Student: 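My questions all concern the structure below.
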Amino acid sequence: MRIVTWNINSLRLRLPLLERMVTELSPDVICLQETKVPDELFPEAAPGALGYPFHFRRGMKGYNGVAILSRVPMRRDETAPDWCLKDDRRHIAAVLETPTGPVTLHDFYVPAGGDIPDPAANPKYAHKLAFVDEAADYFAANPPARSILVGDLNIAPLEHDVWSHKQLRDVVSHTEPEIERMTRWLGNGFTDAMRHFVPPAEKLYTWWSYRNRDWRASNRGRRLDHVWVTPDLVPALRGLHIHQEARDWTGPSDHVPVAIDLAL
DNA sequence: ATGGTGGGCAACCCA
């Protein structure tokens, strides 16, 4: 089974790119972030037309929004709280009915956190830290099993998850308070499935800013998108593919699709 | 130190 996570940065604008991604990667399940479409305006026919008879979405006007498209039957899991009581559509969960049994899938879009890495001066950074604390607490109180957590977590925790550890030390996405919190979250029941395949000493990116004249030449990337699995699913891990070429598609997202293969 | 480029959606918000 192949699961793709992708911050698509507007689902409606990039429907043709979603179709291209499906053609090239043929995922069984697609987790999207930043769909930027209210549920009532969701392109209703698109999932079925692309071969995904099952889908759930949680969107809102203008910002955020997540969706799961699936070839595999699934049911909603609505047990998680309304993170930070904001109703801001940053998480959706489902239980996939796989051939080996049910697997819980979480799709997260963690707040980006603004520019200033000081919670007193920057409410968006404070929100980000609080969000990650709350997620860590939730999984501590509700230990996950046979679970996969994916999404744009907007934190690059390891030295080689960014192009320059030194230069990004105080840049939101790579600050110590974020990394501490994310490490605690991960530790509450998950393992880093991407680093299962790529050693920590190797550079690994999923995002390249729009603000570079040549993203490939400068290669100032960060690993903001993640795939975590519970230890009971580690033996099922089969492969990882970062679809880097998607960054060169016409009208690209600044994030590229990340595919994980599991024997389920 | 600064600004660079995107999307949403109608003035700036957000990334």
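Note that the coordinates shown come from a computational prediction; the quantities given were computed from them, not determined experimentally. Residue numbering restarts at 1 for every chain, and letters A, B, ... go by the order of the sequence lines.
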Student: B:dG7 C1' sits how many Å from A:L17 CG, rounded?
Tutor: 13 Å
Student: Considering only atom P, compute the distance from B:dG6 to B:dA10 and round it to an integer number of Å.
Tutor: 22 Å
Student: A:R89 and A:T35: side-chain donor and acceptor closer than 3.5 Å?
Tutor: no
Student: Name all residues meeting the ring-ring contact (aromatic ring centres under 6.0 Å, His included) criterion together with A:F56; count only those two or more places apart in sequence or in a different chain, and write none if there are none.
Tutor: none
Student: Among the candidates B:dG7, B:dG4, B:dA10, find the nucleotide nearest to the side-chain atoms of A:K61.
Tutor: B:dA10
Student: Using heavy-atom distances to pick each residue's nearest nucleotide on DNA chain B, tell me which of A:R12 and A:P111 is more 5'.
Tutor: A:R12
Student: Nearest whole angstrom, please: distance from the C1' of B:dC14 to the CG of A:N154.
Tutor: 12 Å
Student: Nearest-Å distance, CH2 (A:W207) to C1' (B:dC14)?
Tutor: 14 Å
Student: Please tell me whether A:H174 and A:W163 form a close aromatic pair, meaning their ring centres lie under 6.0 Å apart.
Tutor: no
Student: Let me know the distance between NE2 of A:H127 and C1' of B:dA15, rounded to the nearest Å.
Tutor: 15 Å
Student: If you check every side-chain atom of A:Y63, which of B:dA15, B:dG8, B:dC13 has the closest atom?
Tutor: B:dC13
Student: Per the ring pair (Phe, Tyr, Trp, His ring centres under 6.0 Å) rule, what does the pair list look like for residues 65-91 of chain A, sequence neighbours excluded?
Tutor: A:W83-A:H91, A:W83-A:F108, A:W83-A:F131, A:W83-A:Y138, A:H91-A:H106, A:H91-A:F108
Student: For A:R220, report the nucleic acid contact type (base, sugar-phosphate, nothing); a contact means any heavy atom under 4.0 Å.
Tutor: nothing
Student: Could you check whether A:S253 and A:R14, counting side-chain N and O atoms only, form a donor-acceptor pair closer than 3.5 Å?
Tutor: no
Student: Could you tell me how far B:dA15 sits from B:dG4 if I compare only their C1' atoms? Round to whole Å.
Tutor: 14 Å
Student: Take the protein atom CG of A:N212 and the nucleotide atom P of B:dT5, then report the distance between them rounded to whole Å.
Tutor: 10 Å
Student: I need the CG-P distance between A:N7 and B:dG7, as an integer number of Å.
Tutor: 12 Å
Student: To the nearest angstrom, how far is A:Q167 atom CD from B:dA1 atom C1'?
Tutor: 14 Å
Student: A:P252 or A:R90: which one's nearest nucleotide on DNA chain B is closer to the 5' end?
Tutor: A:P252
Student: From the list B:dG7, B:dA15, B:dA10, which nucleotide is the closest neighbour of the side chain of A:L13?
Tutor: B:dG7
Student: Side chain of A:K124: nearest nucleotide among B:dG8, B:dC14, B:dA10?
Tutor: B:dC14
Student: Are any of A:R14's side-chain N or O atoms less than 4.0 Å away from OP1 or OP2 of B:dG7?
Tutor: yes
Student: Tell me: CD1 of A:I116 to C1' of B:dA15, nearest whole Å?
Tutor: 15 Å
